Amino acid sequence: MDISVVIVGWNSRHYLELCLESLAAAPPRRSMEIIVVDNASIDGSVEMIEARFPHVKLIKSSENLGFAKGYNVAVRQCQGRYIALVNPDVIVFPGCLDALADYLDQNAKVGNVGPHVLNPDMTHQSTCRRFPTLWNNFCSATGLATAFKRSRLFSGEHMFFFPHDRTLPVDVLVGCFWMLRRETVERVGLLDEGCWLYGEDVDWCRRSWQVGWQVVFFPGAQAIHHRGTSSASAPVRFALAQQRSALYYWSKHHGFLGSLGIRGIMVFHHLLRYLVGVLSRF
């Protein structure tokens with residue numbers, strides 16, 4: 001098996017159906033398997049897959065495992081030389097999987113490659129990030145990153161200054177669409193399940209670089225990502241999950257002082273938002 005496509009779904013029937021349709025309409029020239037982990041959806045996702053895509057290997061969980069654990073369940077059963085982790089709200093363009101696999105074939109030091117991701121209106125979606133630091137988080141908390149998006153100094157973790165127009169090794173690729181080399185997964189390990197939702201991509205990319213595997217953005221492959229479809233159903237819950245994952249990441253990789261620093265920045269950010277909200281009433 002050349003490519004294993006892994007998708008974790010939770011109440012995302014409409015977008016998951018579009019994703020599977022895109023894979024079925026233009027399959028890669030290489031051999032491919034598709035594994036979907038359903039995180040106890042109640043929207044008919046399971047029935048849709050069983051009726052329309054019987055070739056898909058469906059793993060039905062009795063509970064919501066979260067993204068990291070859900071992906072890990074599937075990855076343990078993958079047979080492919082390359083493993084594509086694909087969000088359910090992604091539409092894969094024809095030739096995308098082959099182009100990513102070809103790139104890995106030709107670049108033995110690359111363990112993770114991601115395509116050029118587009119919004120549904122075909123505009124560019126930024127997927128390249130820098131590792132979190134106290135400075136770039138401070139820039140985001142104070143609004144400097146918003147005011148100076150094109151500045152390398154003030155742009156925060158986001159690489160808005162990079163036009164995504166060339167192949168480039170980057171610290172982090174957003175985890176909506178990755179293609180991983182199996183040897184890299186075996187060396188780096190699975191996604192950290194301590195990140196129930198969010199942050200698992202930053203953590204994994206850091207661990208990949210630490211053991212010598214490159215993470216690369218490759219614009220020669222394209223896909224569409226309907227960003228934020230899962231979090232829209234429960235914004236407060238997902239916002240809290242994002243903050244918990246950030247604190248977990250900082251504690252894991254930066255110890256007590258780093259964790260203390262990021263907590264201070266978070267508190268400052270919330271106080272600043274509260275102050276701005278109060279002043280805007282006058």
Side-chain angles (χ1 to χ4, degrees), residues 67-68 87 89 112 114 116-119 123-165 168-178 191-192 194-210 215 217 225-232 234-280:
F67 275 98
N87 275 18
D89 54 358
N112 180 357
H116 186 192
V117 176
L118 305 170
N119 294 306
T123 56
H124 161 72
Q125 188 175 125
S126 175
T127 57
C128 297
R129 302 284 189 272
R130 296 185 289 190
F131 288 129
T133 65
L134 291 178
W135 169 249
N136 59 35
N137 273 263
F138 174 79
C139 290
S140 296
T142 57
L144 288 170
T146 302
F148 301 100
K149 282 188 175 182
R150 303 302 176 185
S151 166
R152 291 176 181 269
L153 180 61
F154 298 116
S155 65
E157 295 176 35
H158 293 261
M159 293 176 60
F160 290 127
F161 55 83
F162 171 51
H164 291 61
D165 58 350
L168 184 72
V170 296
D171 289 348
V172 178
L173 285 172
V174 173
C176 63
F177 193 151
W178 287 354
L191 299 179
D192 188 333
C195 302
W196 187 82
L197 183 68
Y198 301 117
E200 72 283 340
D201 46 4
V202 182
D203 171 80
W204 195 92
C205 287
R206 177 174 285 278
R207 288 189 284 132
S208 179
W209 279 107
Q210 286 173 343
V215 177
F217 167 78
H225 179 215
H226 295 83
R227 183 168 46 187
T229 57
S230 295
S231 59
V236 175
R237 179 187 181 188
F238 282 84
L240 290 174
Q242 189 171 30
Q243 289 217 337
R244 282 196 296 267
S245 291
L247 292 173
Y248 175 82
Y249 170 88
W250 276 85
S251 177
K252 176 179 178 178
H253 291 285
H254 298 286
F256 174 76
L257 291 179
S259 181
L260 186 64
I262 198 63
R263 287 174 185 272
I265 290 173
M266 286 181 175
V267 170
F268 173 77
H269 174 62
H270 290 306
L271 288 174
L272 186 62
R273 289 183 62 186
Y274 175 75
L275 179 61
V276 170
V278 171
L279 292 176
S280 66

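Note that the coordinates shown come from a computational prediction; the quantities given were computed from them, not determined experimentally.
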Enquirer: Can you list everything that forms a side chain to side chain donor-acceptor pair (under 3.5 Å) with D171? Sequence neighbours excluded, please.
Expert: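 If we apply the side chain to side chain donor-acceptor pair (under 3.5 Å) test to D171, skipping adjacent residues, there are no hits.
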
Enquirer: Quick one: side chain to side chain donor-acceptor pair (under 3.5 Å) partners of N112, sequence neighbours excluded?
Expert: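 N112 satisfies side chain to side chain donor-acceptor pair (under 3.5 Å) with no residue once adjacent residues are dropped.
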
Enquirer: Restricting to side chain to side chain contact (heavy atoms under 4.5 Å, CB included), what partner residues turn up for D201, sequence neighbours left out?
Expert: V174, W178

Enquirer: Looking only at atom types and distance, does a side-chain atom of N87 sit under 3.5 Å from a main-chain N or O of D89, one as donor and one as acceptor?
Expert: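 Judged by distance alone, no pair lies under 3.5 Å.
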
Enquirer: Please identify each residue that fulfils side chain to side chain contact (heavy atoms under 4.5 Å, CB included) with C195, with sequence neighbours left out.
Expert: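 Checked C195 against side chain to side chain contact (heavy atoms under 4.5 Å, CB included); matches are E200, S245, Y248.
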
Enquirer: Is there side-chain contact between N119 and R227, with at least one heavy-atom pair below 4.5 Å?
Expert: yes

Enquirer: Mind listing the closest non-hydrogen atom pair of V215 and S208 along with its distance?
Expert: CG2-OG, 4.1 Å

Enquirer: Kindly list each side-chain donor-acceptor pair under 3.5 angstrom involving residues 255-272, sequence neighbours excluded, with atom names and distances?
Expert:
{"residue": "H269", "atom": "ND1", "partner": "A141", "partner atom": "O", "Å": "3.2"}
{"residue": "H270", "atom": "NE2", "partner": "Q243", "partner atom": "NE2", "Å": "3.0"}

Enquirer: Of all residues at least two apart in sequence or in a different chain, which pass the side chain to side chain contact (heavy atoms under 4.5 Å, CB included) check with V276?
Expert: none

Enquirer: How about F217 and H164: are their ring centres within less than 6.0 Å of each other?
Expert: yes

Enquirer: Return a table of donor-acceptor pairs under 3.5 angstrom between the side chains of residues 130-137 and protein atoms on other chains or two or more places apart.
Expert:
{"residue": "R130", "atom": "NE", "partner": "G156", "partner atom": "O", "Å": "3.4"}
{"residue": "R130", "atom": "NH1", "partner": "R152", "partner atom": "O", "Å": "2.9"}
{"residue": "R130", "atom": "NH2", "partner": "R152", "partner atom": "O", "Å": "2.9"}
{"residue": "R130", "atom": "NH2", "partner": "S155", "partner atom": "OG", "Å": "2.9"}
{"residue": "R130", "atom": "NH2", "partner": "G156", "partner atom": "O", "Å": "2.9"}
{"residue": "T133", "atom": "OG1", "partner": "W135", "partner atom": "N", "Å": "3.4"}
{"residue": "T133", "atom": "OG1", "partner": "N136", "partner atom": "N", "Å": "3.0"}
{"residue": "T133", "atom": "OG1", "partner": "N136", "partner atom": "OD1", "Å": "3.4"}
{"residue": "T133", "atom": "OG1", "partner": "N136", "partner atom": "ND2", "Å": "3.1"}
{"residue": "W135", "atom": "NE1", "partner": "L153", "partner atom": "O", "Å": "2.8"}
{"residue": "N136", "atom": "OD1", "partner": "T133", "partner atom": "N", "Å": "2.9"}
{"residue": "N136", "atom": "ND2", "partner": "F131", "partner atom": "O", "Å": "3.0"}
{"residue": "N137", "atom": "ND2", "partner": "T133", "partner atom": "O", "Å": "3.0"}
{"residue": "N137", "atom": "ND2", "partner": "E157", "partner atom": "OE2", "Å": "3.2"}

Enquirer: Evaluate the criterion side-chain contact (heavy atoms from CB on, under 4.5 Å) for residue pair L168 and C128; output intermediate values, then yes/no.
Expert: CA-CA 9 Å; L168 184 72; C128 297; over 6 Å; no

Enquirer: Report the residues that fulfil salt bridge (charged side-chain N to carboxylate O under 4.0 Å, His left out) with R207, sequence neighbours left out, ordered by chain and then residue number.
Expert: D203

Enquirer: Once salt bridge (charged side-chain N to carboxylate O under 4.0 Å, His left out) is applied, do any residues pair with K149, and if so which ones, sequence neighbours excluded?
Expert: none

Enquirer: Tell me yes or no: between the side chains of R206 and Y249, is some donor less than 3.5 Å from an acceptor?
Expert: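 Checked: R206/Y249 side chains pair up, N/O donor to acceptor below 3.5 Å.
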
Enquirer: Within the 4.5 Å heavy-atom criterion, are S126 and F161 side-chain neighbours or not?
Expert: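 They are not in side-chain contact.
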
Enquirer: Within a strict 4.5 Å, meaning less than it, do heavy atoms of the Q125 and L118 side chains meet?
Expert: no

Enquirer: With sequence neighbours left out, what residues match H116 under side chain to side chain donor-acceptor pair (under 3.5 Å)?
Expert: H124

Enquirer: Could you report the tightest heavy-atom contact between Y198 and A241, atom names first, then the distance?
Expert: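 Between these two residues, the closest heavy atoms are CD1-C, 4.2 Å.
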
Enquirer: H158: which residues meet the side chain to side chain contact (heavy atoms under 4.5 Å, CB included) condition with it, sequence neighbours left out?
Expert: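 H158 satisfies side chain to side chain contact (heavy atoms under 4.5 Å, CB included) with R129, F160 once adjacent residues are dropped.
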
